[in-house]
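Being a predicted model, the structure only gives us computed values, none of them experimental.
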Amino acid sequence: MIRVSERRITSFRNKIYNWYLVNGRIFPWRTSDADTYRLIVTEILLQRTRAANVAAFYDDFFSHYPDWYSLTNADSEGLESFLRPLGIWRRRTATLVNLANAIMEMDGRVPHDRVEIEKLPGVGQYVANAIQLLAAGTPAPLLDAGMARVLERYFGPRTLADIRYDKYLQDLAWRVVSCDKAIEVNWGILDLSAVLCKNREPLCSQCPLKKGCNYYQGNVSERLV
DNA sequence: ATCCTGGTAC
DNA sequence: GTACCTGGAT
């Protein structure tokens, strides 16, 4: 397993944070007035889905389905047709209704305990981390494919195929975001992954992290050979 | 470790 | 037609 020094983590985090302050994307769910309901539902809408597509959809969705109760009462076909433009609409409909039922059975309160949160239907490691970060305000990584790509390019590749079980990547992500600007650092990494550190044709020349980046340095040396 | 699920960008 | 997008369930 690759060892990463604390100095390198701090340098990476600071560059991400400074880049985010200027270049961070604006999304409706990043405003502070979003309640826990919107926060959790938004994370489910974002699964395997581009953020820009969810943004175009956001206001309309929450005006039709403003709270957990409205989802438990929702007409299933109506909800499905509503979610169809986003993709994965059958699965997402079932997940939202099951989750709403589970939370309404708990008097509409989302559990406080991390283990209990992850037992909720449709809530896995990623959404549980999002709740911990955005609802509870405790640092946790939004470690999706995008963050994994940024971390791996900068620090070095993981060994396991599945992000969620790769200890190196998990440890790295937790170390990077464990600071008093955890939300901004998380969003900064996700934004960088979508805007510059794209899967295909990354825009390394514009990247504030290229100086310390394994991927960029590797490409530079290849060109020189 | 593998399956599922669908719109979108390329 | 392929790979990707703020993964969860088994």
If I take atom [atom1] in residue [X] and atom [atom2] in nucleotide [N], what distance separates them, rounded to the nearest angstrom?
| X | N | atom1 | atom2 | answer |
| --- | --- | --- | --- | --- |
| L46(A) | dG6(B) | CG | P | 18 Å |
| E80(A) | dG7(B) | CD | P | 12 Å |
| L86(A) | dA9(B) | CG | C1' | 16 Å |

Bounds of contact between DNA chain C and chain A, in 5' to 3' order, using a heavy-atom cut-off under 4.0 Å: dC4(C) to dA9(C)
Would you say [X]'s side chain and [Y]'s backbone share a donor-acceptor pair under 3.5 angstrom?
| X | Y | result |
| --- | --- | --- |
| N73(A) | Y69(A) | no |
| K198(A) | L203(A) | no |
| S193(A) | L190(A) | yes |
| S63(A) | F61(A) | no |
| R13(A) | R175(A) | yes |

On DNA chain C, nearest-nucleotide positions of E118(A) versus A51(A): which is more 5'? A51(A)
Does G146(A) or L120(A) map to a spot on DNA chain C nearer the 5' end, using the closest nucleotide for each? G146(A)
dT2(B) and dT6(C), which share atom name P, separated by this distance in whole Å: 25 Å
Quantified in whole Å, what is the P atom distance between nucleotide dG8(C) and nucleotide dT8(B)? 22 Å
With E43(A) as partner, the option from L134(A), V123(A), I131(A) fulfilling side-chain contact (heavy atoms from CB on, under 4.5 Å) is L134(A)
Categorize [X] for me: base, sugar-phosphate, or nothing, with a 4.0 angstrom heavy-atom threshold over every strand shown.
| X | result |
| --- | --- |
| G122(A) | sugar-phosphate |
| E43(A) | base |
| R92(A) | nothing |
| V127(A) | sugar-phosphate |
| R149(A) | sugar-phosphate |
| N186(A) | nothing |

Between atom CD of Q206(A) and atom CG of L192(A), what is the distance when rounded to the nearest 0.5 Å? 10.5 Å
In terms of side-chain heavy atoms of R91(A), which of dT2(B), dG7(B), dC4(B) is nearest? dC4(B)
Assuming nearest nucleotide by heavy-atom distance, tell me which of K198(A) and R90(A) is located more 5' along DNA chain B. R90(A)
Comparing R84(A) and D162(A) on DNA chain B - which has the more 5′ nearest nucleotide: D162(A)
Quick one: is R48(A) getting a side-chain N or O under 4.0 Å of the dG6(B) phosphate, OP1 or OP2? no
Aromatic ring proximity Y37(A)/F62(A), centre distance under 6.0 Å: yes
Heavy-atom pair with the smallest gap, counting every atom of R164(A) and Q170(A): CA-NE2, 3.4 Å
Output the residues of residues 9-24 of chain A in contact with DNA chain C, where contact means a heavy atom of the residue under 4.0 Å from an atom of the strand; sort by number or write none. none
Got a sec, which hydrophobics cluster with Y165(A), joining ILVMFWY side chains under 4.5 Å apart, including via others? L160(A)
